[in-house]
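Please read these numbers as outputs of a predicted model, since none were measured by experiment.
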Amino acid sequence: MRDLIDLWVSCQNWIFETLVSPVLFRFALMEWYEPAFNAVEIFMLGVVQVLVIALGMRFFEKRWPLERTANDNLVGVDRVYTILNKLGIVPLALFAVSYPVTNHIEQASRAFGFTPFRVEQVLPWLHDNALASFLVYFVLYDFVAYWLHRAQHRFSWWWALHSLHHSQRQVTVWSDDRNHIVDDLLMTLALAVFAQFIGVQPDDYVLILMVGRLVESWSHANVDMSFG
């Protein structure tokens, strides 16, 4: 496992130092140095997600389809949404908008002496159990995401954006990222602010997002399976 982590970090460093850092230096954007380094990891995780969907989840759809796909061009549109979203193009635009907001909130919180609540304060034993800590924070993330999804359907102005997601009639594992960019921005901001206020560590938050989005992709799968 340690070798895999070292390989992952080495790839992240190589991509950043070879491709990203020179661009930041060329355009005098070095204040974005640390966020850009984190963005490289988001891109890498996006590649992993696309591979899991394309090579793993699609296998089940082809092997045990619930419905036969009548028009693959409709599914192709969702593939484009997924590539744009997972590989950092849409998240880059969202990050450029949301980062100043979340950064301002963090600085204001520190100025007022606000210390984010952490679950470990109530459950100290989580300090020594990384997996249990991750699962607890993932459940909290999923709980908030659920109520945000309810809000997407409840408020007419938000539904006007979110309805794009439900316009697809041939739902597959590619359908999860079929979203209006403003809809994505609202969800990104809400989840990021929530993560700040409960003290989720940045590395944990990135992993929570990746796992959560893979679960959401699988929940759209065109597979004749049931969880009861």
Side-chain angles (χ1 to χ4, degrees), residues 4 8 41-94 131 134-154 158-188 190-192 194-195 200 204-228:
L4 288 176
W8 179 272
E41 184 174 31
I42 293 174
F43 171 81
M44 292 170 61
L45 290 171
V47 172
V48 172
Q49 291 176 73
V50 170
L51 290 176
V52 170
I53 293 171
L55 303 179
M57 297 182 186
R58 283 292 291 161
F59 167 79
F60 290 94
E61 285 194 325
K62 292 177 180 178
R63 180 65 180 82
W64 296 286
L66 181 63
E67 299 176 333
R68 293 294 176 182
T69 302
N71 187 346
D72 195 57
N73 290 331
L74 295 178
V75 179
V77 173
D78 290 348
R79 291 195 197 101
V80 174
Y81 273 105
T82 300
I83 297 299
L84 292 176
N85 202 301
K86 293 286 192 280
L87 298 189
I89 299 173
V90 171
L92 181 62
L94 298 178
L131 177 59
F134 169 81
L135 291 175
V136 168
Y137 280 107
F138 181 80
V139 169
L140 291 173
Y141 155 85
D142 193 57
F143 177 76
V144 172
Y146 165 80
W147 284 105
L148 288 171
H149 191 197
R150 290 289 294 262
Q152 288 173 313
H153 287 252
R154 172 66 178 81
W158 204 343
W159 170 251
L161 300 171
H162 186 61
S163 59
L164 171 63
H165 177 75
H166 291 275
S167 64
Q168 178 60 278
R169 291 296 177 263
Q170 295 187 17
V171 179
T172 68
V173 289
W174 300 110
S175 301
D176 180 50
D177 290 304
R178 183 189 181 90
N179 299 310
H180 193 287
I181 191 168
V182 178
D183 190 13
D184 273 340
L185 175 61
L186 293 172
M187 291 291 289
T188 298
L191 290 171
F194 170 74
V200 179
D204 291 338
Y205 184 61
V206 170
L207 185 59
I208 286 171
L209 282 181
M210 186 189 78
V211 174
R213 288 171 179 171
L214 284 175
V215 170
E216 290 163 5
S217 294
W218 178 248
S219 70
H220 293 79
N222 176 29
V223 176
D224 190 11
M225 294 181 179
S226 172
F227 293 104

Could you tabulate the donor-acceptor pairs under 3.5 Å formed by side-chain atoms of residues 55-66, not counting sequence neighbours?
{"unit_1": "Arg58", "atom_1": "NH1", "unit_2": "Glu61", "atom_2": "OE1", "d": "2.6"}
{"unit_1": "Glu61", "atom_1": "OE2", "unit_2": "Val173", "atom_2": "N", "d": "2.9"}
{"unit_1": "Glu61", "atom_1": "OE2", "unit_2": "Asn222", "atom_2": "N", "d": "2.7"}

Going from [atom1] on [X] to [atom2] on [Y], what distance comes out if it is rounded to the nearest 0.5 angstrom?
X	Y	atom1	atom2	answer
Asp78	Ile83	CG	CD1	11.5 Å
Trp147	Phe194	CH2	CZ	14.0 Å
Leu207	Phe138	CG	CZ	9.5 Å
Ile53	His220	CD1	NE2	11.0 Å

Does a side-chain N-to-carboxylate-O contact under 4.0 Å join Asp177 and Lys86? yes

So, does [X] use its side chain to make a donor-acceptor pair with the main chain of [Y] at under 3.5 Å?
X	Y	answer
Thr172	Ala221	no
Ser217	Arg213	yes
Arg178	Leu164	yes

In terms of the angle between their ring planes, are Trp159 and His166 parallel, tilted or perpendicular, with boundaries placed at 30° and 60°? tilted

Would you call the rings of His165 and His162 parallel, tilted or perpendicular, where under 30° means parallel and over 60° means perpendicular? parallel

Of all heavy-atom pairs between His180 and Val182, which one has the smallest distance, and what is that distance? ND1-N, 3.0 Å

